[in-house]
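Below you'll find the structure, written out as structure tokens, and then a few comments.
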Amino acid sequence: MALSPITQRRLSQFRANGRGFWSLWIFLALFALAIAAPVIANDKPLLIKFDGRLYTPLFHVYPETMFGGDFETETEYRDPYVLDLIEAKGWIIWPPIPYSYDTVNRYTPAPAPYKPFFTYPKFMGMPDHCNGSHLCTNILGTDDQGRDVAARVIYGFRISVLFGLILTLVSSAIGIVAGAFQGFYGGWLDLIMQRIIEIWSSLPSLYILIIFAAMFVPGFWTLLFILLLFSWVSLVDVVRAEFLRTRNFDYVRAANALGVGNITIMFRHVLPNAMVATLTLMPFILTGSITALTSLDFLGLGLPPGSPSLGELLAQGKNNLQAPWLGFTAFIALSLMLSLLTFIGEAVRDAFDPRKIRL
């Protein structure tokens with residue numbers, strides 16, 4: 001299907017903003033890596049060949065007895081005894097980072113948090129499988145629980161982006177519908193809803209979010225609902241203004257004269273015009289959603305304890321000043337993510353700027 005001239009001009013204008021265009025590709029590449037986190041960072045091997053057969057621990061649970069062990073429970077693949085059994089009759093392919101976000105490295109040369117290291121000499125009590133192997137390596141160090149920082153950053157990036165995307169889409173949908181009804185019908189409906197929104201948006205949202213987060217059991221969907229209480233308001237005024245501007249246009253009057261229903265007119269004919277301003281704001285709404293989640297995690301009111309979170313890693317950096325790699329790693333990851341989204345938002349804004357588009 002051929003693109004309209006106006007769409008082609010918008011795409012061309014988006015590409016003209018080189019910083020935003022390349023930021024989009026970099027962000028998509030990082031997000032793809034984060035989605036593939038179980039393949040990149042996991043404490044289970046990607047593939048095992050044992051006694052002539054292939055096994056995929058990422059997708060199936062195998063008892064230890066299948067590899068010559070003594071227990072019927074799930075295999076602990078990092079156990080030196082199990083490693084020796086498997087390597088005696090086959091081989092193992094590990095992920096690039098042989099840790100999941102909650103895997104504890106018990107073989108660091110010093111107590112956690114321990115600095116970044118690739119290899120280290122054999123010391124008393126260290127098992128043979130750690131000598132010169134990446135199985136006991138932490139390229140970005142460990143946190144104060146002995147968990148790999150690199151794995152937690154990858155999983156934390158994924159949770160932050162997914163949380164932000166879901167919150168942005170749901171809040172945008174609610175804001176668009178509310179603004180559409182306000183702007184299209186106007187009158188008393190617009191007056192009453194506008195007063196409600198003004199009162200709601202004037203509340204100290206940060207304090208209310210903190211109170212709600214402390215009252216309810218923390219969780220991904222609980223936090224999503226709490227932040228959704230206020231995030232939908234940001235788009236209402238923009239969509240309302242567009243509907244107030246276009247509801248008296250000739251094509252709307254013609255549709256009314258032909259007997260087309262109001263809902264059809266609103267969402268099929270008027271809404272596409274209002275989506276220009278909506279799409280321009282969405283990258284910035286996504287940035288705000290990620291920042292809100294990070295702030296709550298930093299305060300200890302976000303995701304459940306143990307969840308991979310950039311905010312929780314920042315809090316660890318604050319509490320462990322002797323381990324600067326914690327704060328620096330989280331800061332760099334968060335700054336990169338938000339900077340890329342900001343650059344993308346600027347490029348989208350330029351693409352939809354009517355002053356820059358001439359047919």
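Along the sequence shown, residues are numbered consecutively beginning with 1.
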Is it the case that one hydrophobic cluster holds both [X] and [Y], taking links as side-chain heavy atoms less than 4.5 Å apart, direct or via other members?
X    : Y    : result
L228 : F284 : no
L169 : L162 : yes
I174 : W200 : yes
L227 : V236 : yes
Y155 : I166 : no

Under 3.5 Å donor-acceptor, [X] side chain and [Y] backbone:
X    : Y    : result
S171 : T168 : yes
T75  : P63  : yes
E64  : D70  : yes
S339 : L336 : no
T142 : Y114 : yes
N320 : A323 : no

Note: [X]-[Y] ion pair, threshold 4.0 Å (strictly below):
X    : Y    : result
E76  : K44  : no
E312 : K318 : no
R240 : D190 : yes

[X] side chain near [Y] side chain, heavy-atom distance below 4.5 Å:
X    : Y    : result
D43  : S100 : yes
S307 : Y101 : no
R147 : N138 : no
F67  : K89  : no
F181 : F243 : no
F163 : L223 : yes
P308 : I159 : yes
I208 : F230 : yes

When you compare the side chains of N319 and D144, does any donor N or O come within less than 3.5 Å of an acceptor on the partner?
no

What class does the angle between the rings of F157 and F27 fall in, given that below 30° is parallel, 30 to 60° is tilted and above 60° is perpendicular?
tilted

Give the minimum heavy-atom separation between [X] and [Y], together with the two atoms involved.
X    : Y    : answer
I154 : A37  : CG2-CB, 3.6 Å
A112 : G146 : CB-N, 3.5 Å
V233 : S201 : CG1-CB, 4.0 Å
P45  : P57  : O-CD, 3.5 Å
L54  : K49  : CD2-CB, 3.7 Å
L326 : D143 : CD2-CA, 3.7 Å

Rounded distance (nearest 0.5 Å) linking atom [atom1] of [X] with atom [atom2] of [Y]:
X    : Y    : atom1 : atom2 : answer
L341 : I285 : CG    : CD1   : 12.5 Å
D51  : L85  : CG    : CG    : 12.0 Å
M337 : T291 : CE    : OG1   : 9.0 Å
T103 : N42  : OG1   : CG    : 7.0 Å
I226 : S231 : CD1   : OG    : 12.0 Å
Q182 : I192 : CD    : CD1   : 10.5 Å

More than 12 non-hydrogen atoms from neighbouring residues, nucleotides or ligands closer than 6.0 Å to [atom1] on [X], yes or no?
X    : atom1 : result
R195 : CZ    : yes
W91  : CH2   : yes
F328 : CZ    : no

For the residue pair F343 and F21, is the inter-centroid distance of their aromatic rings smaller than 6.0 Å?
no

What about the rings of Y77 and W94, do their centers lie closer together than 6.0 Å?
no

For D297, salt bridge (charged side-chain N to carboxylate O under 4.0 Å, His left out) partners two or more places apart
none

What do the steps show when you test Y185 against M266 for side chain to side chain contact (heavy atoms under 4.5 Å, CB included), and what is the final call?
CA-CA 10 Å; Y185 288 103; M266 288 169 57; 3.8 Å; yes

Answer yes or no for R78 and Y99: cation-pi contact, defined as NZ/CZ to six-membered ring centre under 6.0 Å and angle to ring axis within 45°.
yes

Would you mind telling me which of T137, L140, I97 makes a side chain to side chain contact (heavy atoms under 4.5 Å, CB included) with D148?
I97

Side chain to side chain contact (heavy atoms under 4.5 Å, CB included) for Y55 and M66? Distances and angles first, verdict last.
CA-CA 10 Å; Y55 299 88; M66 187 166 288; 3.3 Å; yes

Stepwise side chain to side chain contact (heavy atoms under 4.5 Å, CB included) check, V170 with W232
CA-CA 8 Å; V170 176; W232 64 274; over 6 Å; no

Apply the test side chain to side chain contact (heavy atoms under 4.5 Å, CB included) to residues L313 and F331: give CA-CA distance (whole Å), side-chain angles for both, the deciding distance (0.1 Å), then the verdict.
CA-CA 9 Å; L313 198 58; F331 175 77; over 6 Å; no

